[in-house]
Each structure stands twice: as C-alpha cells, then as structure tokens.
2 protein chains.
Amino acid sequence: MTKKDDFDLMLFLPYLLNQAAEECSVSFQQHYKDKYNMLRTEWRVLFHLGYYGDMTAREICNRSKLHKTKVSRAVASLQKRRFLTREKLPHDRRSEVLKLSPAGVAAYRDLRESALSYDQDVTKDFSKPEVDALRQALLKLARL
Amino acid sequence: MTKKDDFDLMLFLPYLLNQAAEECSVSFQQHYKDKYNMLRTEWRVLFHLGYYGDMTAREICNRSKLHKTKVSRAVASLQKRRFLTREKLPHDRRSEVLKLSPAGVAAYRDLRESALSYDQDVTKDFSKPEVDALRQALLKLARL
DNA sequence: TGGTAATAGTTGAAAATGTAACTAACAAGA
DNA sequence: TCTTGTTAGTTACATTTTCAACTATTACCA
C-alpha cells in the first residue's frame, strides 16, 4: 500500500487529461472572464457560432457535446447581453437559429486572437510534429 | 464569419483537451459512481491515499491541485462512509493524517483494476511510442 | 383524421463548486 | 509574554451544474 503497484496514478489517462485540461482552461479563462464576463460554456457557444456560423442550440450540443440545459442557459445569457439573437425557423418552430450580433462578432474576433496566441504560447515548448501528434491523439480520444 | 479563419476551433488545445478529458472522465465514471457511489473528487482522494499511502489533506491538495475545500468535503464524505480514518498529528495538531480503512483499501484495489483495464482499453488504438509521447506531452501541459 | 411518440428547448429543485471568511494551532520576533 | 503572521482545515453563501419534469411543436402511422 505504500507505493508501486504496476499502476502509475500519475500516468493514468483520465487523470492526466483532466489535469492538463484544467490547467489550460484555467489559464485561458482570464481572456474571456474578466474582459467579457463570460463563463466557460458561454465562450464555447460564442466560438461555435463565430467559427461555424449560425446554427441552432441542438447543433451546438451535437458538436460540442455540451448538455442542452447548459447550452440553453448560455444562450439566454449571451442573448441578454446582446451577443446574439435568435429566430424561430419557419418550417420547424420548435428550433431557433442563433446568430451573433455585431457585438458578438467583435467579441468572437477578439477572443479568437487571444486563443490563437494562447495556443501558440502553450505549444511553444513542443516541436511541430509533437504538437500535431498530440492534437491527433486528443481528437481520437475525444471521439471527434 | 462563415468558416475558416486561420484558426481551427477543433484544434484549439484547451478545447480539445477538455473534450478528450470529458469523454474519458465520463466513461470512466461508471466504475466508481454506481458501484461505490463516489464523486470524481472522492475517487481521486481515494486513489492518492491508496497509491501514495497515508498523507494529510494538504499533501493531497499539493499533489492533485485540487482546492482544499473540495478535498475537505471529499474527505468528510469518505470518512462518513468509512473508507478512511483521520488522526491528528501529535506534533502539529492542525493537520490530520488520513488513512484508508480496510474497506477503503478494498475499494482502491478494485478501482485500480478498473483503471488499469480502462487505460489499456482507451490506449489500444495507439502504438506504445504514441502513448508514451502523449503522456509526456500531457505531463508537460499539466505542469507536473 | 386521431393518437402516440419523438424532438427543441426551458425551467425548478437538488447537488456540486468556488470564493471568502472563519477557527484553531503554530511560529517568530519585539 | 504579546503581537502579528502563517498554515491546516472547515463553514457559509453565492454561483453553476445536473437531473428530471415540463411545454410546444412536429412526425409517424393506424
């Protein structure tokens, strides 16, 4: 019980992934948290809309794997702060297309810059092939 | 706004890490959640004690980077369910050594097996060097 | 048609988390 | 000793998240 089985906690993937993800998430937070007063889920929604273009909440759920209640609340909050607008679809009035407002687009563009430079900064201690391999591995693990 | 900047959301590290970590965490959850009714923080504490041996809450915080309130609550909960005991240190009565009870050890051993086989399963589509590289990269990102 | 099932999205209550303030114990210098 | 500062850990309160139930709308099919 003192140490060493044939299992190294430090190298256990879910644990390691969580540690790395937390570290990155927390340090990236400052970019959107203070400046735009956004939560993690909110900037994710913003990024999806900014990057992929207009879509419904359901589509965001599918792509991001965020739960629909989380998305629903993030959307409500972004709307209240005029970062996006919603519009019922004429042929299916259950769903609504979400569109970024000009302010939303501006915030997206700004945060995209932050993200880009953050990404460069966090990967600067890796070689190009290392980073590519890492991203591919993560994509596979995330089942994307 | 429609697509393609010189930034790929899908490859943004904090996002990708989060997706991969979520996927793994959620799918590993079933092992400790249903069987032992534990939360993520709780099995983490259990694993630390099981793997590294008896230690104080503070030491768990340092190693795991979990916040002390989280650890405090996890410890309280594990104690209530008789997975561990606490004992004040004679020379510094602020801190307490945490020790797994026999039930705690049993749970740890059982979950360690699950973890081991889960880890093997999730990495089975990678070559050995790939997995090693991945773990090293994650260790670096997590600043461990 | 009418009836059942499925889907998009919202809401309320319960559980979990984060933040800050707190208690208790120690430390160290005047 | 007294005062100030630090550390281990807990608690209270506000914010988030989760889960399940809900509304409204569409889909299917007898």
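Keep in mind that what you see is a predicted model, and the values were worked out from it rather than measured. Labels below follow one simple rule: chain letters A, B, ... track the order of the sequence lines, proteins then strands, and each chain is numbered from 1.
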Nearest-nucleotide 5' precedence on DNA chain C, Glu59(A) against Pro90(B)
Glu59(A)

Please list, in numerical order, the residues of residues 69-84 of chain B that have a heavy atom closer than 4.0 Å to any atom of DNA chain D.
Thr69(B), Ser72(B), Arg73(B)

Measuring from Leu49(B):CG to Asp54(B):CG, what's the distance to the nearest 0.5 Å?
7.0 Å

In whole angstrom, give the distance that lies between atom CZ of Arg93(B) and atom P of dA24(C).
12 Å

Could you walk me through whether Leu46(B) and Glu42(B) pass the side-chain contact (heavy atoms from CB on, under 4.5 Å) check?
CA-CA 6 Å; Leu46(B) 185 87; Glu42(B) 286 162 16; over 6 Å; no

Separation of Arg63(B) CZ from Gln19(A) CD (nearest 0.5 Å):
12.5 Å

Using residues 132-144 of chain A as the side-chain source, report each donor-acceptor pair under 3.5 Å to any protein atom, sequence neighbours left out, with the distance given to one decimal.
{"from": "Arg135(A)", "atom 1": "NH1", "to": "Asp119(A)", "atom 2": "OD2", "distance (Å)": "3.3"}
{"from": "Arg135(A)", "atom 1": "NH1", "to": "Leu11(B)", "atom 2": "O", "distance (Å)": "2.4"}
{"from": "Arg135(A)", "atom 1": "NH2", "to": "Asp119(A)", "atom 2": "OD2", "distance (Å)": "2.8"}
{"from": "Lys140(A)", "atom 1": "NZ", "to": "Asp125(B)", "atom 2": "O", "distance (Å)": "2.9"}
{"from": "Arg143(A)", "atom 1": "NE", "to": "Glu23(B)", "atom 2": "OE2", "distance (Å)": "2.9"}

If you check every side-chain atom of Arg94(B), which of dT19(C), dA25(C), dT10(C) has the closest atom?
dA25(C)

Without decimals, in angstroms, what is the distance between Leu89(B) CG and dT7(D) P?
17 Å

Note, Leu78(A) side chain near Met38(A) side chain (heavy atom, < 4.5 Å)
yes

I need the CE-P distance between Met55(A) and dG9(C), as an integer number of Å.
12 Å

Could you give the CG-to-P distance, from Asp92(A) to dT26(D), as a whole number of Å?
5 Å

In whole angstrom, give the distance that lies between atom CZ of Arg58(B) and atom P of dA25(C).
19 Å

Phe28(B) ring center within less than 6.0 Å of Phe12(A) ring center
yes

Nearest-angstrom distance from the residue atom CD1 of Ile60(B) to P of dT10(D)
11 Å

Listed in order of residue number, which residues of residues 37-45 of chain B have a non-hydrogen atom at under 4.0 Å from DNA chain D?
none

In terms of ring plane angle, is the pair Tyr32(A) and Trp43(A) parallel, tilted or perpendicular, where the classes change at 30° and 60°?
tilted

Choosing from dT19(C), dC26(C), dT10(C), which nucleotide comes nearest the side chain of Lys68(A)?
dT10(C)

Between Ser27(A) and Tyr118(A), is there a side-chain donor-acceptor contact under 3.5 Å, judged purely by atom types and distance?
yes

Sugar-phosphate only, base, or nothing, as touched by His67(B) at under 4.0 Å among non-hydrogen atoms:
base

Checking contacts here: which listed nucleotide (dT10(C), dT10(D), dT19(C)) is nearest the side-chain heavy atoms of Glu96(B)?
dT10(D)

How many whole angstroms separate atom CG of Asn62(B) from atom P of dT7(D)?
11 Å

NE2 (His48(A)) and SG (Cys61(A)) are apart, to the nearest 0.5 Å, by 10.0 Å

